[in-house]
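Remarks on the structure that follows.
Chain naming here is simple, since letters A, B, ... match the order of the sequence lines and numbering starts at 1 in each.
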Protein chains: 2
Amino acid sequence: MVTLKQLAEQLNVSVSTVSKALHESEEISKDTIDRVKALAKHLNYQPNKVAISLKSNKTKTLGVIIPNILNHFFAKVLFGIEEEATKKGYDIIICISNESYTKELQSLEVLGNGSVDGFIISIAEETQIKNQIQHIESVLQQDLPVVMFDRVSDVINCDKVVIDDFGAAYEATKHLLNEGRKQIVLLSNIEELSVGKLRVNGYLKAIEEASGYKSVPILVHIRSNDDLEASIDAMYKQYPKLDGILSVDNTTGVVALHKALKKGIKVPKDLSIIGFSDENVLPFTDPKLSTISQHAPDIGKASVDVLIERIKKGKPDHFQTKTIKTNLTLRATTK
Amino acid sequence: MVTLKQLAEQLNVSVSTVSKALHESEEISKDTIDRVKALAKHLNYQPNKVAISLKSNKTKTLGVIIPNILNHFFAKVLFGIEEEATKKGYDIIICISNESYTKELQSLEVLGNGSVDGFIISIAEETQIKNQIQHIESVLQQDLPVVMFDRVSDVINCDKVVIDDFGAAYEATKHLLNEGRKQIVLLSNIEELSVGKLRVNGYLKAIEEASGYKSVPILVHIRSNDDLEASIDAMYKQYPKLDGILSVDNTTGVVALHKALKKGIKVPKDLSIIGFSDENVLPFTDPKLSTISQHAPDIGKASVDVLIERIKKGKPDHFQTKTIKTNLTLRATTK
DNA sequence: CTGAAAGCGCTAACAG
DNA sequence: CTGTTAGCGCTTTCAG
């Protein structure tokens with residue numbers, strides 16, 4: 001890599017003159033600026049980023065900590081993060097916590113050593129279950145800004161980007177009720193997560209408010225160790241009259257649809273299904289699954305915007321929580 | 001962040017003494033080492049990574065350039081990369097080329113400024129089609145090592161990690177032939193990619209070698225602008241007698257399976273299907289799709305290992321190409 | 001208009 | 001055993 005010093009030597013000027021010239025300082029003559037720039041271009045000079053970071057105490061790099069990159073939702077958020085960060089001139093360093101508290105902690109520690117200007121994080125399932133948040137507080141205390149998205153913690157005081165999980169589930173349930181469904185099941189494999197709980201609450205609220213709805217709320221939770229397909233078979237056996245399903249995760253809605261079709265249940269005539277699935281599963285459904293669109297890339301984009309603003313402005317009087325709108329996209333599994 | 005200088009001041013010793021003590025230098029007395037370490041621990045001293053990078057001219061960071069994070073294969077490779085890099089004490093900076101040559105070029109330029117010690121890259125579709133590779137050559141000329149994986153270029157001289165695409169497709173086709181299939185179609189939506197071409201060649205070779213096989217080879221290519229499901233419907237219409245499908249991408253095999261079942265074709269009695277799909281699609285298939293397992297995380301892991309070795313050893317006499325084994329995993333869509 | 005010098009945080013040769 | 005000094009590449013006063 002060519003350095004300022006090398007340019008300076010070749011031009012018989014000082015390093016500081018070269019530096020100023022490249023920044024088009026008023027102090028430097030037009031002529032010198034031109035000569036410096038010409039040589040810099042010729043030798044393909046690129047300022048050493050590490051040196052600039054050391055000097056400025058800024059890295060122009062964001063730390064991104066994601067629970068699971070194999071989850072398509074997070075992949076899409078990451079896509080949005082990468083795009084927006086690049087647009088704003090930031091690099092991203094990513095760590096995958098793999099739903100582990102320890103990995104998350106280590107990632108924060110490793111990147112906290114001056115490697116990044118701030119963090120974007122969605123916390124691991126284990127962290128959320130244990131409600132262990134000291135590691136995040138400690139980053140915040142070092143004046144490194146943090147933006148939490150999707151899986152957030154109420155007890156941490158920082159900027160957040162979320163979707164209206166409660167409202168989205170509420171609306172979807174309302175839709176099923178308006179279709180005249182009599183027994184609507186909530187299906188979930190993310191019981192432990194904050195977002196899972198909010199979605200359950202939205203469902204419960206809508207059911208509760210429904211006048212003339214006779215069934216009790218039915219929650220079918222599938223745990224990660226359970227056999228997914230067997231559990232769904234069991235659900236159909238246990239609730240032979242169910243005529244509406246709200247799946248609040250990416251997978252269970254699609255499987256429930258396949259199983260229903262296999263059983264000969266008419267969708268959407270006798271059963272409506274709405275999922276929180278991503279479009280990536282649509283090629284695998286027929287009829288096409290109706291879903292709640294979460295606009296994952298927008299969540300990523302918003303997280304970057306909020307974080308960069310916070311990096312530039314410093315600690316505020318109070319932090320902001322941005323809510324990204326969802327859409328109920330009705331396709332062919334609802335009337 | 002607490003610095004060496006601060007430790008030195010509090011202990012009334014010099015900065016270099018502190019530095020050496022923390023590295024347990026022979027030069028320093030046991031007593032001093034203990035005192036320094038105690039204070040460092042107490043104040044939670046963390047060496048500033050940027051300063052170390054500047055000094056050592058190493059960042060302990062790898063640049064990873066991926067065409068599309070929404071493609072599950074790449075997400076899995078990234079998972080393997082992240083895991084292995086973390087294990088070896090490296091951070092990863094990721095860029096998503098989004099299949100664009102320009103984005104790829106920019107990423108290499110941005111990270112080439114001393115931000116990373118080397119690159120892991122799978123080239124963009126556009127790059128592969130245009131066969132534009134000057135940007136990668138130029139990185140190599142700066143003595144920044146590059147490891148290419150999956151989508152590699154024959155004309156670039158660097159380390160590579162690939163799977164045996166040709167052999168995998170060859171074996172899978174052989175299997176279909178051994179089942180006694182009479183009309184085997186190759187189905188692909190990745191015609192333009194190097195890996196897509198290799199897989200086609202493996203299929204062709206197996207067909208060619210099959211004595212007593214009457215049908216000509218049949219290649220069904222679906223382009224990104226085509227309607228996937230309509231194209232597959234058209235395939236079944238055009239080849240009513242087809243009894244074997246080798247899908248060489250992640251998606252088309254699953255859709256072909258769904259369509260076949262919908263048409264009432266018995267799988268695997270009257271039709272066998274093998275895909276290059278990832279396990280993530282398996283919950284959406286019934287019968288379960290037989291696939292070629294690509295061991296994507298292993299590709300990521302191997303890429304990291306090769307790159308770090310190259311970073312440490314410097315330019316070799318000749319570069320290595322590592323081939324990751326595939327597995328033909330027979331499930332329920334083959335006999 | 002240009003240059004010398006200090007310093008970001010760290011390491012390492014060299015001196016004491 | 002400990003300290004002084006120089007230097008990684010850059011920016012930024014402050015002198016000239």
Practice task
Answer with yes or no whether K55(A) presents, from its side chain, a donor or acceptor under 3.5 Å of a partner atom in the base of dG7(C).
Solution key: yes
Handout entry: Any T3(B) side-chain N or O less than 4.0 Å from OP1/OP2 of dC8(C)
Key = no
Practice task
Could you check whether V13(A) gets within reach of a base, just the sugar-phosphate, or nothing at all, counting any heavy atom under 4.0 Å?
Solution key: sugar-phosphate
Practice task
Using distance alone, with no hydrogens and no angle criterion, decide if S16(A) and S19(A) have a side-chain donor and acceptor under 3.5 Å apart.
Solution key: no
Exercise for the section: State which of dT2(D), dG9(D), dT11(D) makes the closest approach to the side chain of V15(A). Expected result: dT11(D)
Problem - Heavy-atom donor-acceptor pair, S14(A) side-chain to dA4(C) base, under 3.5 Å - result: no
Handout entry: Distance, rounded to the nearest Å, where D31(A) contributes CG and dT2(C) contributes C1'
Key = 13 Å
Completion exercise
Here the distance between atom P of dA13(C) and atom CD of E27(B), to the nearest Å, is 9 Å
Problem - Polar side chain donor-acceptor pair, T127(A) to Q132(A), under 3.5 angstrom - result: no
Exercise for the section: Would you indicate what I52(A) reaches in the nucleic acid, counting non-hydrogen atoms under 4.0 angstrom: base, sugar-phosphate, or nothing? Expected result: sugar-phosphate
Fill in the blank from the handout: Taken to the nearest whole Å, NZ/K49(B) to C1'/dC10(C) is 14 Å
Exercise for the section: By nearest nucleotide on DNA chain C, pick out whichever of H23(B) and S56(A) is the more 5' one. Expected result: S56(A)
Exercise for the section: Kindly indicate whether the side chain of K20(B) and the base of dG3(D) share any N or O donor-acceptor pair separated by less than 3.5 Å? Expected result: yes
Exercise for the section: Starting at atom CG of N57(A), determine the distance to atom C1' of dT11(D), rounded to an integer number of angstrom. Expected result: 13 Å
Fill in the blank from the handout: Which of dT11(D), dT2(C), dC14(C) is nearest the side chain of T17(A)? It is dT2(C)
Exercise for the section: Give a yes/no on whether any side-chain N or O of Y45(B) is located under 4.0 angstrom from OP1 or OP2 of dG9(C). Expected result: no
Handout entry: Nearest-angstrom distance from the residue atom CG of N12(A) to P of dG3(C)
Key = 9 Å
Problem - Carboxylate-amine/guanidinium contact K87(B) E83(B), below 4.0 Å - result: no
Problem - Residues K103(B) and E82(A) bridged, charged N to O under 4.0 Å - result: yes
Completion exercise
Here the distance between atom P of dC10(D) and atom CE of M1(A), to the nearest Å, is 6 Å
Practice task
Check the distance between dT2(D)'s P and L11(B)'s CG and give it to me in whole angstrom.
Solution key: 11 Å
Problem - Partner of R151(B) under salt bridge (Lys or Arg N to Asp or Glu O under 4.0 Å), chosen from E192(B), E126(B), E99(B) - result: E99(B)
Practice task
For S16(A), report the nucleic acid contact type (base, sugar-phosphate, nothing); a contact means any heavy atom under 4.0 Å.
Solution key: base
Handout entry: Whichever of K30(B) and A51(B) has its nearest DNA chain D nucleotide further upstream toward 5'
Key = K30(B)
Practice task
Indicate whether OP1 or OP2 belonging to dC8(C) is found under 4.0 Å from a side-chain N or O atom of S53(A).
Solution key: no
Problem - Nucleotide dC8(D), atom P - distance to CG of N48(B) in whole Å - result: 18 Å
Completion exercise
Taking dC10(D), dT2(C), dC8(C) as options, the one with an atom nearest any side-chain atom of K5(B) is dC8(C)
Exercise for the section: Would you tell me whether S100(A) and S97(A) have side-chain atoms, one donor and one acceptor, within less than 3.5 Å of each other? Expected result: no
